[in-house]
Amino acid sequence: MERHITFQRLHNFRDLGGYRTDDGRTVRWGQLYRSDSLGKLAGADLARFRELGVRTVIDLRYPWEIEARGRVPHHDGLVWHNLSIEHRPYDQATIDPAVDPWRYLADRYAEVAEDGAAELREALEVVAEADGPLVFHCASGKDRTGLLATLLLTLLGVDDEQIVADFALTELATERLVADWRAAHPGRTLLWPGYGRAPAEIIELVLADLRAAHGSVHGYVTDRLGVSEKTITQLRERLLTD
């Protein structure tokens with residue numbers, strides 16, 4: 001099966017299938033995808049996307065991002081949810097190069113985990129109840145998408161080693177993400193050298209922070225987000241295979 005789905009304009013579209021779980025099962029291929037902005041889909045890319053049979057899209061961006069850059073093109077049978085999990089916008093291009101970049105981003109993830117509790121809960125419920133293949137995405141498919149992927153994979157029983165490795169796969173898209181930023185912002189200077197990066201250290205810090213604050217990721221999801229055990233069972237039944 002193919003982890004990286006190739007598109008011309010999308011740089012970070014990946015299948016979350018194939019990861020092993022704590023009960024000996026694996027995540028189903030072709031059912032759960034993560035991506036950068038689907039607003040870029042057009043032409044051959046759009047045809048390729050439709051071939052995947054995706055029936056549900058969760059767009060994690062702000063409404064103003066969608067207005068400015070577009071959303072996934074509609075087609076019959078596609079259900080679209082805008083669940084903006086981030087509530088404190090910041091410009092990664094202007095992050096102070098002198099700060100610890102990975103601790104800085106982990107702290108932004110912690111803000112999203114707190115501020116976006118209602119939207120994260122709904123996102124997990126949508127994934128659990130979806131009929132057919134689903135994709136969730138933000139702008140680069142890195143931070144907001146990375147946090148939701150981490151929660152989902154943890155609830156499915158995937159271990160930290162695989163979760164961290166999946167997160168770091170965005171590093172393969174960094175060069176193209178930076179090129180997109182430069183093309184979209186002519187005349188601006190990219191101040192932060194970590195733009196588009198997704199080293200393992202970020203998500204290792206995020207996992208440690210959630211466990212320090214809530215005892216476990218499962219505890220965060222059930223206690224802070226209010227996700228029911230029924231929903232977690234639904235996720236595992238829908239997305240895992242023997």
Side-chain angles (χ1 to χ4, degrees), residues 5 7 9-17 27-28 30-42 45-46 48-89 108-109 111-156 166 170 217 220-222 224-228 230-240:
I5 312 298
F7 293 91
R9 299 183 66 193
L10 300 184
H11 313 319
N12 205 13
F13 194 107
R14 309 204 300 268
D15 193 326
L16 286 172
V27 182
R28 293 181 186 276
Q31 291 299 307
L32 187 63
Y33 300 98
R34 54 176 294 173
S35 181
D36 47 329
S37 174
L38 299 184
K40 296 182 285 186
L41 284 172
D45 275 359
L46 181 56
R48 176 74 174 102
F49 174 76
R50 289 177 174 167
E51 288 173 359
L52 297 175
V54 171
R55 300 180 64 175
T56 305
V57 171
I58 300 175
D59 191 330
L60 301 172
R61 296 174 298 163
Y62 290 98
W64 55 262
E65 290 179 277
I66 297 167
E67 183 177 355
R69 299 179 181 92
R71 50 154 283 182
V72 61
H74 175 72
H75 63 265
D76 288 345
L78 183 69
V79 179
W80 180 76
H81 301 265
N82 179 209
L83 299 173
S84 179
I85 63 174
E86 186 178 277
H87 292 247
R88 305 184 217 183
R108 304 291 76 73
Y109 284 38
E111 291 174 354
V112 173
E114 180 63 26
D115 300 345
E119 293 86 359
L120 284 166
R121 179 182 65 249
E122 186 172 352
L124 293 171
E125 291 170 347
V126 167
V127 176
E129 296 170 4
D131 181 16
L134 175 148
V135 57
F136 56 96
H137 75 93
C138 55
S140 297
K142 180 172 79 77
D143 301 310
R144 290 166 285 188
T145 296
L147 177 59
L148 181 55
T150 295
L151 298 180
L152 281 164
L153 291 176
T154 302
L155 293 176
L156 292 174
D166 179 81
T170 287
V217 176
Y220 161 73
V221 168
T222 56
R224 178 65 186 93
L225 300 189
V227 173
S228 69
K230 177 182 177 181
T231 294
I232 296 171
T233 298
Q234 282 181 293
L235 282 170
R236 295 176 72 96
E237 289 177 347
R238 188 173 99 74
L239 294 172
L240 297 183

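Just so it is clear, the model here is predicted, and its values are computed rather than measured.
- Judged by distance alone, with hydrogens and angles left aside, the side-chain atoms of Arg224 form a donor-acceptor pair with the main-chain N or O of Glu114 at under 3.5 Å.
- The side-chain heavy atoms of Arg14 and Thr170, taken from C-beta on, include a pair separated by under 4.5 Å.
- The distance from atom CG of Leu38 to atom CZ of Arg69, rounded to the nearest 0.5 Å, is 14.5 Å.
- The main-chain N or O of Lys40 is found under 3.5 Å from a side-chain atom of Arg9 such that the two form a donor-acceptor pair.
- Considering all non-hydrogen atoms of both residues, Leu52 and Pro133 come closest at O-CG, 3.9 Å.
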*asked:* Go through it in stages, so that I can follow the logic: the residues are Asp143 and Arg108, the test is salt bridge (charged side-chain N to carboxylate O under 4.0 Å, His left out), and I'd like the CA-CA distance, side-chain angles, deciding distance and then a yes or no.
replied: CA-CA 9 Å; Asp143 301 310; Arg108 304 291 76 73; over 6 Å; no
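- Contact record, Ser37 with Arg61: OG-NH1, 3.2 Å, taken as the closest heavy-atom pair.
- Inter-residue side-chain proximity for Arg236 and Thr233 is flagged as unmet; no heavy-atom pair is nearer than 4.5 Å.
- Under the 3.5 Å distance criterion, the side-chain polar atoms of Asp15 are left unmatched by any main-chain donor or acceptor of Tyr33.
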*side-chain contact (heavy atoms from CB on, under 4.5 Å) assessment of Arg48 paired with Ile5*: CA-CA 9 Å; Arg48 176 74 174 102; Ile5 312 298; 3.6 Å; yes
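- In terms of heavy atoms, Leu152 sits closest to Leu235 at CD2-CD2, 3.9 Å.
- Residues satisfying the side-chain contact (heavy atoms from CB on, under 4.5 Å) test with Arg50, not counting sequence neighbours, are Leu46, Pro73, His75.
- Considering every non-hydrogen atom in both Leu10 and Asp45, the closest pair reads N-OD2, 4.0 Å.
- Using modelled atom types, no side-chain atom of Arg121 and backbone atom of Val227 make a donor-acceptor pair closer than 3.5 Å.
- With values rounded to the nearest 0.5 angstrom, Leu16 atom CG is found 9.0 Å from Leu156 atom CG.
- Ionic pairing of Lys142 and Asp36 is not present here: no N-O contact between side-chain nitrogen and carboxylate oxygen is shorter than 4.0 angstrom.
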*Please test His87 against Glu119 for side-chain hydrogen bond (donor to acceptor under 3.5 Å, both in side chains), starting from the C-alpha separation and ending with a verdict.*
CA-CA 10 Å; His87 292 247; Glu119 293 86 359; 3.3 Å; yes
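- Contact record, Ser35 with Val135: CB-CG2, 3.9 Å, taken as the closest heavy-atom pair.
- In this structure, the separation between CG on Leu124 and CD on Glu122 is 10.5 Å, given to the nearest 0.5 Å.
- Although no hydrogens or angles enter the test, the distance criterion places no donor-acceptor pair under 3.5 Å between the side chain of Tyr62 and the main chain of Ile85.
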*Stepwise side-chain contact (heavy atoms from CB on, under 4.5 Å) test for Arg238 and Val127*: CA-CA 9 Å; Arg238 188 173 99 74; Val127 176; 4.2 Å; yes
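- For the pair Arg71/Trp80, a side-chain contact is recorded, criterion being any heavy-atom separation below 4.5 Å from C-beta on.
- Ring pair Phe49/Phe13 is perpendicular by interplanar angle, where above 60° counts as perpendicular and below 30° as parallel.
- Classification of Asp166 and Arg34 as a salt-bridged pair holds, one side-chain N sitting under 4.0 Å from a carboxylate O.
- The local environment of CD in Glu51 is crowded, with over 12 non-hydrogen atoms from other residues, nucleotides or ligands closer than 6.0 Å.
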_side-chain contact (heavy atoms from CB on, under 4.5 Å) evaluation trace for Leu41 with Phe7_ = CA-CA 9 Å; Leu41 284 172; Phe7 293 91; 4.2 Å; yes
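- Contact detail for Ile58 and Leu134: the closest heavy-atom pair is CD1-CD1, 4.1 Å.
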Anything under 3.5 Å between a donor and an acceptor, one on a side chain of residues 144-151, the other on a protein residue two or more places apart or in another chain? List them.
{"unit_1": "Arg144", "atom_1": "NH1", "unit_2": "Glu65", "atom_2": "OE1", "d": "2.8"}
{"unit_1": "Arg144", "atom_1": "NH2", "unit_2": "Glu65", "atom_2": "OE2", "d": "3.2"}
{"unit_1": "Thr145", "atom_1": "OG1", "unit_2": "Cys138", "atom_2": "N", "d": "3.0"}
{"unit_1": "Thr150", "atom_1": "OG1", "unit_2": "Gly146", "atom_2": "O", "d": "2.9"}

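- Between Leu225 and Tyr220 there is a side-chain heavy-atom pair separated by less than 4.5 Å.
- Without hydrogens or angle criteria, Asp59 side chain to His81 main chain gives no donor-acceptor distance under 3.5 Å.
- Atom OG1 of Thr231 is separated from atom CD of Glu125 by 5.0 Å, given to the nearest 0.5 angstrom.
- The CG atom of Leu78 sits 7.5 Å away from the OG1 atom of Thr56 when rounded to the nearest 0.5 Å.
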